[in-house]
Amino acid sequence: MTVQKTPVLALDCAEPEGLARFYAALLGGEVRPGPGPDEVEVAGPDGVTVACRRDLGFAPPSWPRPEGSLQAHLRIRVAAADLDEAEREAVSLGARPVATGTEDGFRPVRLLSDPAGHSFALMAADPPAEDR
């Protein structure tokens, strides 16, 4: 028998409360206390949980610079027709676009960083209508 498990994406940061509010607004989730005093969780739709953990020595990842390491990032699937709106919403909440040098035409992946500097991607969950 397999033991039931609950996956949690944990992000280190300097200000867990603010980062949790960002992800709750972005994902349509709810902020709740974490298991300890330095952790706040976001209960997202479909059972997704993002934990924001205080790290007083936190330094954001430097990806996509060559000397940096991506290590991990969050992928958020969005209908292709909604990518532009999802990107505007993320930026209005405090995300910062990551320049990729491929800004012309339809982009099925939008790279951004959250307010603490973690990378995440808004990705087309389906091809654009003109490509079907």
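Predicted model only: the values in this text are computed from it and were never measured.
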### Message
Evaluate Arg32 against Glu41 for salt bridge (charged side-chain N to carboxylate O under 4.0 Å, His left out), listing each step before the verdict.
### Response
CA-CA 5 Å; Arg32 63 183 184 202; Glu41 293 185 344; 3.2 Å; yes

### Task
May I have the step-by-step check of salt bridge (charged side-chain N to carboxylate O under 4.0 Å, His left out) for Asp12 and Arg54, ending in yes or no?
CA-CA 6 Å; Asp12 289 350; Arg54 185 179 323 276; over 6 Å; no

### Message
Looking at Glu30, I want to see if its CD is surrounded by more than 12 non-hydrogen atoms of other residues, nucleotides or ligands under 6.0 Å.
### Response
no

### Query
Do Val31 and Val40 touch side chain to side chain, with heavy atoms closer than 4.5 Å?
yes

### Message
Just so I know, are the side chains of Leu11 and Asp114 near enough to count as touching, which here means a heavy-atom distance under 4.5 Å?
### Response
yes

### Task
Grab the two heavy atoms, one from Leu112 and one from Val98, that are nearest each other, plus how far apart they are.
C-CG2, 3.7 Å

### Query
Do the ring planes of Phe58 and His118 sit parallel (below 30°), tilted (30 to 60°) or perpendicular (above 60°)?
tilted

### Query
Less than 4.5 Å apart, any side-chain heavy atom of Pro16 and any of Asp38?
no

### Nearest heavy-atom neighbours spanning Pro60 and Ala116
CB-O, 3.3 Å

### Task
Report the distance from atom CZ of Phe120 to atom OH of Tyr23, rounding to the nearest 0.5 Å.
5.5 Å

### Straight-line distance of Asp55 CG to Glu15 CD, nearest 0.5 Å
12.0 Å

### Query
Do Val8 and Leu74 sit in the same hydrophobic cluster, where Ile, Leu, Val, Met, Phe, Trp and Tyr count as joined when their side-chain heavy atoms come under 4.5 Å apart?
no

### Message
Within the 4.5 Å heavy-atom criterion, are Leu83 and Arg110 side-chain neighbours or not?
### Response
yes

### Message
One pair to check against side-chain contact (heavy atoms from CB on, under 4.5 Å): Leu122 and Val109. What are the steps and the verdict?
### Response
CA-CA 6 Å; Leu122 299 173; Val109 178; over 6 Å; no

